[in-house]
S.K.: 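A single structure is presented below for examination.
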Amino acid sequence: MKAVRVKEYGGPEAMCYEDIDVPSPGANDVLVKVEAAGINFIDTYQRSGLYQIPLPATLGLEAGGIVEEVGSDVSLFKAGDRVAYTNVAGAYAEYASVPEDKLVALPDGVSFAEGAAAMLQGCTAHYLSQSTYKIKSGDSCLIHAAAGGVGLLLIQMAKMAGASVIGTVSTEEKAELARAAGADEVILYSETDFETEVKRITDGKGVNVAYDSVGKTTFDKSIDCLQRLGYMVLYGNASGPVTEFNPATLGPKGSLFLTRPTLFDYVADRESLEWRSGDVFNWIAEGKLKLRVEHFFPLSEAEEAHRALEGRKTTGKVILTP
Ligand code: NDP
């Protein structure tokens, strides 16, 4: 089968499109024929070595597809079922072997690409808004990279919870998308000082929670956008990792909370995975959550897809199709 592999860490050119054996599923595994593999920013960290993984490796942490074959002890799925999953390596390929307990059934009416988009980015927006900080009606939220894959979903979930949302984006086109998703205010943080704008918009008060996936270039100012007892949720490094921080500064700034969450811990057990993915799929079916799946690349063009994502050229979800 064809797969996209990394043998040495590097830029997008480090990915090789090549033939490897179809994986053979173990007793508790399901062989999935991948119809749509989701591209996520974390794939670029694993490719570059910012997040170290054993090499060589097939990239990709989520997909939607069809069950091809099941291991002898699998009871929840059978050949032909439509499924989706996340947090299992190897999705940039024609087939992936997935532990049964990581798979969920894809409801009728949800496409494979939507399934892929809902799993990693949808479940991330879900845990950020429901668990890391439980958004309440009347809260104010700052959401960076608001027109990105997670960003557009997080805006919608924050609005569903009754919050007011300030988004940041780099272009006017992206600002339109963030507004269409429900953002009350959008700041072009590439042109305007977002801290000053947030203070202006909130009458000097600041926000209850800052969701920061940009990292290095936004972290310090995001903290300064928080009101007393506010939550700083640093969940990504699109501009580079945050490497220096003095926790003692959280006290005088208003006894702030700081967390650095990852999806893995919020879908570690079956109950959490079913709860989060179930909510996301139900909201899609009810029309409450709109997925923007706009960018499709053939599997052979993973390199171009990564260049587009890292070059801030994409909005919403980016999909690879084998
Ligand atoms: P996005 O679609 O949001 O793409 C990243 C966006 O970050 C860009 O479009 C760009 O938006 C913004 N950005 C700001 N500065 C830079 C920069 N220097 N280089 C590139 N992009 C920049 O990606 P995803 O939705 O896949 O992921 C969003 C973030 O969330 C990532 O940081 C990812 O690692 C993180 N994440 C974390 C998870 C977790 O559990 N911790 C799970 C899933 C994602 P703009 O042009 O508007 O600035």
S.K.: Does a salt bridge link E35 with K33, judged by any charged N lying under 4.0 Å from a carboxylate O?
M.R.: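 Yes, E35 and K33 are salt-bridged.
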S.K.: State, with a plain yes or no, whether a side-chain heavy atom of D29 is found less than 4.5 Å away from one of V98.
M.R.: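 Not in contact.
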S.K.: In a check of side chain to side chain donor-acceptor pair (under 3.5 Å) between K221 and each of D212, D193, T196, which one passes?
M.R.: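 Of D212, D193, T196, side chain to side chain donor-acceptor pair (under 3.5 Å) with K221 is met by D193 alone.
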S.K.: Check the surroundings of atom CD in E8: do more than 12 heavy atoms from other residues, nucleotides or ligands lie under 6.0 Å from it?
M.R.: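 At most 12 heavy atoms, drawn from other residues, nucleotides or ligands, come within 6.0 Å of this atom.
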S.K.: Could you check F264, Y235, Y266, Y133 and say which one makes a ring-ring contact (aromatic ring centres under 6.0 Å, His included) with Y127?
M.R.: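 The residue from F264, Y235, Y266, Y133 that satisfies ring-ring contact (aromatic ring centres under 6.0 Å, His included) with Y127 turns out to be Y266.
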S.K.: Can you see whether R228 engages S255 through a side-chain donor-acceptor pair at a distance of less than 3.5 angstrom?
M.R.: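 There is no such pair (donor and acceptor under 3.5 Å, judged by atom type) between the side chains of R228 and S255.
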S.K.: Below 4.0 angstrom, N of the basic side chain to O of the carboxylate: do D81 and K78 qualify?
M.R.: yes
S.K.: Check step by step if side chain to side chain contact (heavy atoms under 4.5 Å, CB included) holds for Y95 and V34.
M.R.: CA-CA 5 Å; Y95 294 90; V34 175; 5.8 Å; no
S.K.: Spell out, as yes or no, whether a donor-acceptor pair under 3.5 Å connects the side chain of N246 to the backbone of A248.
M.R.: yes
S.K.: Taking the side chain as every heavy atom from C-beta outward, state whether L153 and H126 have any atom pair closer than 4.5 Å.
M.R.: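 Counting from C-beta outward, L153 and H126 never come under 4.5 Å.
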S.K.: Please answer: with hydrophobic residues joined when any side-chain heavy atoms are less than 4.5 Å apart, are I223 and I166 in the same cluster?
M.R.: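 Shared cluster, yes.
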S.K.: Quick one: do the T217 and S239 side chains pair a donor with an acceptor below 3.5 Å?
M.R.: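 Yes, S239 and T217 have a side-chain donor paired with an acceptor closer than 3.5 Å.
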S.K.: How about L188 and V169: do any of their side-chain heavy atoms sit closer than 4.5 Å?
M.R.: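 Yes, close enough: below the 4.5 Å cut-off.
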S.K.: Do L106 and V30 share a hydrophobic cluster (ILVMFWY, side-chain heavy atoms under 4.5 Å, transitive)?
M.R.: no
S.K.: Looking at Y9, is R47 sitting on its ring face, NZ or CZ under 6.0 Å from the six-membered ring centre and within 45 degrees of the normal?
M.R.: no
S.K.: So, does T58 use its side chain to make a donor-acceptor pair with the main chain of G90 at under 3.5 Å?
M.R.: no
S.K.: Would you say M157 and L263 are hydrophobically clustered, going by side-chain heavy atoms of ILVMFWY under 4.5 Å?
M.R.: yes
S.K.: Please, which pairs that meet side chain to side chain donor-acceptor pair (under 3.5 Å) have at least one residue in residues 141-165, sequence neighbours excluded?
M.R.: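 Those involving residues 141-165 are H144-T168, H144-S222, K159-D184.
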S.K.: Closer than 3.5 angstrom, by distance alone: can the side chain of R5 be matched with the main-chain N or O of Y17 as a donor-acceptor pair?
M.R.: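 The answer is no, because no donor-acceptor pair under 3.5 Å joins these two groups.
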S.K.: Any salt bridge between E271 and R276, counting N to O under 4.0 Å?
M.R.: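 Here E271 does not pair with R276 in a salt bridge, since their nearest N and O are not under 4.0 Å apart.
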S.K.: Donor-acceptor pair, distance only, cut-off 3.5 Å: does the side chain of K174 make one with the backbone of R312?
M.R.: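 Such a contact is found between K174 side chain and R312 backbone.
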S.K.: Side chains of D279 and W275: any donor to acceptor distance under 3.5 Å?
M.R.: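 Their side chains do contain a donor-acceptor pair, which is all the 3.5 Å distance test asks for.
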S.K.: Can you confirm whether more than 12 heavy atoms, excluding those of D269, are under 6.0 Å from its CG atom?
M.R.: yes
S.K.: Could you check whether K7 pairs with E18 (Lys NZ or Arg NE/NH1/NH2 to Asp/Glu carboxylate O, under 4.0 Å)?
M.R.: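 Counted as a salt bridge, because a side-chain N and a carboxylate O are separated by less than 4.0 Å.
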S.K.: How are the rings of F257 and Y231 set to each other: parallel, tilted or perpendicular (split at 30° and 60°)?
M.R.: parallel
S.K.: Between E195 and R200 (salt bridge meaning N to carboxylate O under 4.0 Å), is one present in this structure?
M.R.: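 Salt bridge absent between E195 and R200.
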S.K.: Checking the side chain of N208 only, and the main-chain atoms of S140 only, is there a donor and an acceptor separated by less than 3.5 Å?
M.R.: yes
S.K.: Tell me whether the count of non-hydrogen atoms from other residues, nucleotides or ligands lying under 6.0 Å of CG in D108 goes above 12.
M.R.: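 No, the 6.0 Å shell around CG holds no more than 12 heavy atoms from other groups.
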S.K.: Could you check K317 against E62 for salt bridge (charged side-chain N to carboxylate O under 4.0 Å, His left out), going step by step and ending with a plain yes or no?
M.R.: CA-CA 12 Å; K317 187 70 199 170; E62 71 175 342; 2.5 Å; yes
S.K.: Which residues, ordered by chain and number, are linked to L177 in its hydrophobic cluster, where ILVMFWY side chains connect at heavy-atom gaps below 4.5 Å, directly or through other members?
M.R.: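 ILVMFWY cluster around L177 also holds L152.
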S.K.: Linking I/L/V/M/F/W/Y whenever any side-chain heavy atoms sit under 4.5 Å apart, do L128 and L256 land together?
M.R.: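 L128 does not cluster with L256.
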S.K.: Hey, is NZ on K313 packed in by over 12 heavy atoms from elsewhere, all under 6.0 Å?
M.R.: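 Count not over threshold, so no.
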S.K.: When clusters are formed by joining ILVMFWY residues with side-chain heavy atoms under 4.5 Å apart, either directly or through shared neighbours, do Y189 and V150 land in the same one?
M.R.: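 The answer is no; the residues belong to distinct hydrophobic clusters.
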S.K.: Under a 4.0 Å threshold between the charged nitrogen and the carboxylate oxygen, would E13 count as salt-bridged to R307?
M.R.: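 Looking at E13 together with R307, the answer is yes, because their closest N to O distance falls below 4.0 Å.
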S.K.: Quick check against the 3.5 Å criterion: does S272 have a side-chain atom that pairs as donor or acceptor with the backbone of A268?
M.R.: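 Here the side-chain-to-backbone pair does not exist.
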